[in-house]
Amino acid sequence: QDHSKEGRANLARAVTDCFQNDLTDVEKSLAGAILMNLVRQAERDLREALAEKLAVIDNVPKDLIVYLANDEISVARSVLTHSPVLQDIDLLHVIQSKGAEYWQAIAHRGELSPMVCDKLIDTRDPSAVLALIDNQRVHLQKGSLKKLIKVAVRSDELQAPLLRRPEIDSDTAV
């Protein structure tokens, strides 16, 4: 009943905390619907706070996380970087439909499939590619390394970081 900014924030906090408990499918669906409705009406700072909280929870409804991942970059960044709910198809859609700041956030994820790595490299965005190269939590496959080498040949700023990757052996470096 409280339609103020603080009232919405309190409700969002309460519903978000629910996801940290064991919920039945019906309860999860209801909480997700409430949050989705809140997110659509919320100011950016509240959406940012919600996104940060929800980004690290693995049982959040996927449609809510996908919605946040496609919001303004200040909202989407934490979800793109940390959410275990996002799958390759979601990340590929964001790479295809959004800009460089979104790509950079994805490049900082803890785990990336070779397919997502390749799409990030295909953007040829120096900042996104550098973020991928600097991400030591991601293991780069041979195919991705070959693509990275082709991109790095044209960019001095990518060469030294690429040479520091553990996957680069002396033959590849030469």
Side-chain angles (χ1 to χ4, degrees), residues 1-21 23 28-113 115-138 140 144 148 151 155 157-158 161:
Q1 293 177 351
D2 182 358
H3 295 286
S4 70
K5 190 175 179 180
E6 294 79 24
R8 284 192 186 133
N10 288 335
L11 178 58
R13 209 174 1 267
V15 175
T16 302
D17 290 344
C18 287
F19 286 110
Q20 296 174 349
N21 300 320
L23 298 176
K28 186 177 170 182
S29 177
L30 183 58
I34 292 169
L35 262 179
M36 182 63 95
N37 199 16
L38 268 173
V39 165
R40 286 188 178 128
Q41 298 174 25
E43 307 262 338
R44 185 183 61 212
D45 59 341
L46 177 56
R47 293 194 320 270
E48 288 172 3
L50 280 170
E52 283 182 30
K53 275 189 117 174
L54 296 173
V56 295
I57 302 173
D58 61 1
N59 66 343
V60 178
K62 184 175 178 177
D63 59 340
L64 178 58
I65 293 296
V66 169
Y67 182 87
L68 292 169
N70 285 282
D71 202 331
E72 298 176 46
I73 188 60
S74 64
V75 175
R77 184 176 286 112
S78 60
V79 171
L80 291 172
T81 304
H82 301 292
S83 180
V85 176
L86 292 175
Q87 298 173 333
D88 284 354
I89 190 84
D90 308 312
L91 298 171
L92 293 171
H93 173 73
V94 171
I95 293 168
Q96 188 173 17
S97 64
K98 298 293 184 180
E101 290 179 307
Y102 293 80
W103 306 337
Q104 293 164 28
I106 292 169
H108 284 100
R109 286 179 70 85
E111 293 181 30
L112 288 172
S113 72
M115 185 172 32
V116 173
C117 288
D118 286 349
K119 287 298 180 191
L120 286 170
I121 297 164
D122 290 346
T123 68
R124 297 199 181 276
D125 175 66
S127 297
V129 173
L130 182 60
L132 180 64
I133 291 170
D134 285 341
N135 186 346
Q136 296 298 318
R137 295 173 295 165
V138 172
L140 297 171
S144 296
L148 279 172
V151 172
S155 172
E157 73 175 308
L158 298 177

All side chain to side chain contact (heavy atoms under 4.5 Å, CB included) counterparts of Gln136, not counting sequence neighbours
Arg165, Pro166

With Thr123, which residues qualify under side chain to side chain donor-acceptor pair (under 3.5 Å), at least two apart?
none

Return the set of residues passing side chain to side chain contact (heavy atoms under 4.5 Å, CB included) with Ala105 (not counting sequence neighbours), or none when no residue passes.
Arg77, Leu80, Thr81

Please confirm whether the backbone N or O of Val66 pairs with a side-chain atom of Asn70, one donor and one acceptor, at under 3.5 Å?
yes

Applying side chain to side chain contact (heavy atoms under 4.5 Å, CB included), can you list everything that pairs with Ala49, at least two apart in sequence or on another chain?
none

Pairs satisfying salt bridge (Lys or Arg N to Asp or Glu O under 4.0 Å), at least one member in residues 119-131, at least two apart
Asp122-Lys147

Kindly determine whether Leu132 and Leu112 satisfy side-chain contact (heavy atoms from CB on, under 4.5 Å), including the steps that lead there.
CA-CA 9 Å; Leu132 180 64; Leu112 288 172; 3.8 Å; yes

Which of Val94, Ile65, Val56 passes side-chain contact (heavy atoms from CB on, under 4.5 Å) with Val79? It is Ile65

For Asp134, the side chain to side chain donor-acceptor pair (under 3.5 Å) test, sequence neighbours excluded, returns none

Kindly write out the residues that satisfy side chain to side chain contact (heavy atoms under 4.5 Å, CB included) with Ser74, not counting sequence neighbours, or none if the list is empty.
Arg44, Glu48, Glu72

Return the minimal non-hydrogen interatomic distance between Pro126 and Leu158, and the atom names on each side.
O-CD2, 3.8 Å

Results of side chain to side chain donor-acceptor pair (under 3.5 Å) for Gln104 - residues two or more places apart only
none

With a 6.0 Å cut-off (strictly less than), is the heavy-atom count around CD1 of Ile89, excluding the residue itself, greater than 12?
no

According to side chain to side chain donor-acceptor pair (under 3.5 Å), who are the partners of Asp88, at least two apart in sequence or on a separate chain?
Ser113

Say whether, by atom type as modelled, one donor and one acceptor occur between the side chain of Asn135 and the main chain of Ala107 under 3.5 angstrom.
yes

Restricting to non-hydrogen atoms, name the atom on Leu68 and the atom on Ala51 that form the minimum distance, rounded to 0.1 Å.
CD1-CA, 4.1 Å

Donor-acceptor contact present, side-chain Trp103 to main-chain Ala128, <3.5 Å
no

What one should report as the nearest heavy-atom pair of Ile57 and Val85 is O-CG2, 3.8 Å

Just by modelled atom types, is the Ile95 backbone N or O under 3.5 Å from a matching donor or acceptor in the Tyr102 side chain?
no

Could you list all the salt bridge (Lys or Arg N to Asp or Glu O under 4.0 Å) pairs where at least one residue sits in residues 89-110, not counting sequence neighbours?
Lys62-Asp90

Note: Ile121 and Ser144 closest approach over all heavy atoms is CD1-O, 3.5 Å

Here the gap from Ser83 atom OG to Leu86 atom CG, rounded to the nearest 0.5 Å, amounts to 4.5 Å

In the structure I gave you, are the side-chain heavy atoms of Glu111 and Val138 within less than 4.5 Å of one another anywhere?
no

